[in-house]
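See below for the structure under consideration.
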Number of protein chains: 2
Amino acid sequence: MIDRLDRKILQILQEDATIPVAEIGRRVGLSTTPCWRRIQKLEEDGVILRRVAVLDPRKVNAKVTVFVSITTSQHNEEWLKRFAEVIRDVPEVVEFYRMSGQVDYLLRVVVPDIEAYDAFYKRLISRIDIADVSSAFAMEQIKYATALPLNYVPLEKDKGVA
Amino acid sequence: MIDRLDRKILQILQEDATIPVAEIGRRVGLSTTPCWRRIQKLEEDGVILRRVAVLDPRKVNAKVTVFVSITTSQHNEEWLKRFAEVIRDVPEVVEFYRMSGQVDYLLRVVVPDIEAYDAFYKRLISRIDIADVSSAFAMEQIKYATALPLNYVPLEKDKGVA
DNA sequence: GATAGATGAGAATATTATTCTCTCTCTATC
DNA sequence: GATAGAGAGAGAATAATATTCTCATCTATC
């Protein structure tokens, strides 16, 4: 279970994972060791999945985002399994969701330009049997956060006092 | 400009930013110092924007993703500016794009459940004047990567020899 | 009110980042 | 072609940070 302090720690680490443990402790009102132990536990418990570097899409020629809506006639486990496996190894596909409603699957694809998207698209449909695909292009990324909202985390009564 | 070694370094850091510089150097075939200097430069140049902790959505009660397609009648600079400002401070909105085609804007919203989404939705339309909204619910997140594809980065001829 | 279990604190140690100094190699210029 | 200079690279020395260890304190429970 997560308490108020854990949540504060997560809030900080979601925004900047380079801040020293001692400083995080200071901010949340803990000394280094207990703060460090809490972070360890959050990692062990799988709340923190990993720490990564976030790059600027413009600087690595990944300027264009395309949302690809996919409809399939194959609504079976087997088909999805194969589809998911193929997608997992395609670096251009950055997000992949199974949807409710009209569309069956939604992909977020990142490429440098429209030509590259077209190439990607051809490769995709050659590898998997898809009934219907529709692409929507993003002109601008106005917000991109890796931080999840933490205001919905069920909070445990605070642990140690202080 | 980025060369082959920089790209390898970025590839590693995008997946795991906890690996020591010395180890990264070993993997790309550099000693600690030059590897460290390259990472510094990538940060200064803004290629690396930041380092963050990635959390497990299920563990922080952020299980439901909703894609919100927005159409507006207000196609002016002023309206967008205000809209963007409001959205920037809403933690539930994790991504925000200006689109081409039918839809004007697309949001990815993260909430614990449908009720919370409804609450969010009401708050949104009360704060901003929107012509038309349509929501698509994700049942499952099959892939989520923060790593961008690096195979499109224009490569400089390799620097130092080796 | 004694005691186990959980949490916190500070000092000691280990690991990692950062700086410093030096060397090598490629390039451009004469 | 010889040669100065910039741009990397390497390894040792230092500084910052993470991690471990030991002990103190609080709380809930009997």
Side-chain angles (χ1 to χ4, degrees), chain A residues 1-56 59-60 146 150 153-162, chain B residues 1-56 59-60 146 150 153-162:
Chain A
M1 226 358 139
I2 287 172
D3 73 358
R4 199 172 310 272
L5 289 179
D6 291 324
R7 188 170 68 176
K8 274 194 198 174
I9 292 171
L10 290 174
Q11 207 117 40
I12 294 169
L13 287 177
Q14 276 200 122
E15 295 299 335
D16 184 352
T18 67
I19 301 172
V21 178
E23 168 64 14
I24 298 174
R26 207 190 52 67
R27 292 197 198 171
V28 306
L30 274 179
S31 74
T32 307
T33 306
C35 182
W36 181 83
R37 275 203 289 243
R38 280 167 178 266
I39 294 171
Q40 285 303 308
K41 188 157 189 330
L42 289 166
E43 282 173 352
E44 278 167 23
D45 293 351
V47 179
I48 296 173
L49 289 175
R50 48 210 207 133
R51 290 143 184 273
V52 302
V54 176
L55 310 189
D56 185 336
K59 297 284 172 67
V60 296
T146 50
L150 296 182
V153 184
L155 282 190
E156 188 191 23
K157 181 168 84 62
D158 281 9
K159 292 161 197 166
V161 191
Chain B
M1 233 344 148
I2 288 172
D3 73 359
R4 198 171 311 271
L5 289 179
D6 290 325
R7 189 171 68 175
K8 274 194 198 174
I9 293 171
L10 290 174
Q11 207 116 39
I12 294 169
L13 287 177
Q14 276 200 122
E15 295 299 335
D16 186 351
T18 66
I19 300 172
V21 178
E23 168 64 15
I24 298 174
R26 207 190 51 67
R27 292 196 198 172
V28 307
L30 273 180
S31 74
T32 307
T33 307
C35 182
W36 181 83
R37 275 203 289 245
R38 279 165 179 267
I39 295 171
Q40 285 303 308
K41 187 158 190 328
L42 289 166
E43 283 173 350
E44 277 166 25
D45 293 351
V47 179
I48 296 174
L49 288 175
R50 48 209 206 133
R51 290 145 183 270
V52 302
V54 177
L55 309 189
D56 185 336
K59 297 283 172 68
V60 296
T146 50
L150 296 182
V153 184
L155 284 190
E156 188 190 25
K157 181 168 82 63
D158 281 9
K159 294 159 194 166
V161 193

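Here is how names work: the chains are called A, B, and so on, in the same order as the sequence lines, proteins then strands, and each is numbered from 1.
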### Task
Take atom CD of B:Gln40 and atom P of C:dT18, then tell me their distance rounded to the nearest Å.
6 Å

### Task
Starting from the 5' end of DNA chain D, give me the residue, B:Cys35 or A:Thr18, whose nearest nucleotide shows up first.
B:Cys35

### Presence of salt bridge, B:Glu44 and B:Lys41, under 4.0 angstrom
no

### Message
Is there a side-chain contact (heavy atoms from CB on, under 4.5 Å) between B:Glu43 and B:Arg51? Walk through the geometry before answering.
### Response
CA-CA 10 Å; B:Glu43 283 173 350; B:Arg51 290 145 183 270; 3.0 Å; yes

#### Entry: Distance below 4.0 Å between A:Arg38 side-chain N/O and C:dT7 OP1 or OP2
no

### B:Asp3 side chain to B:Leu5 backbone, donor-acceptor under 3.5 Å
yes

#### Entry: Interatomic distance where CZ belongs to A:Arg37 and P belongs to C:dA9 [whole Å]
10 Å

### Task
Compare all side-chain heavy atoms of B:Leu150 with those of B:Ile2 and state whether any distance is below 4.5 angstrom.
no

### Task
Measure from the side chain of A:Val21, starting at C-beta and using heavy atoms only, and say which of C:dA9, D:dG11, D:dA18 lies closest.
D:dA18

### Task
Could you state the atom-to-atom distance from CH2 of B:Trp36 to P of D:dA15 in whole Å?
15 Å

### Task
Measure the distance from CD on B:Glu23 to C1' on C:dT16 and round it to the nearest whole Å.
13 Å

### Separation of atom CG in A:Leu30 from atom P in D:dT25, rounded to whole Å
17 Å

#### Entry: Between C1' of D:dG9 and CZ of B:Arg26, the distance in whole Å
18 Å

#### Entry: Whole angstrom value for the distance that separates C1' of C:dG8 from CG of A:Asp6
14 Å

### Task
Find the distance B:Lys41:NZ to D:dG7:P and express it as a whole number of Å.
11 Å

### Message
Distance criterion of 3.5 Å, no angle test: do you see the side chain of A:Thr33 paired donor-to-acceptor with the base of D:dT19?
### Response
no

### Query
Is there a donor N/O on one and an acceptor N/O on the other, under 3.5 Å, for the side chain of A:Thr32 and the base of C:dG10?
no

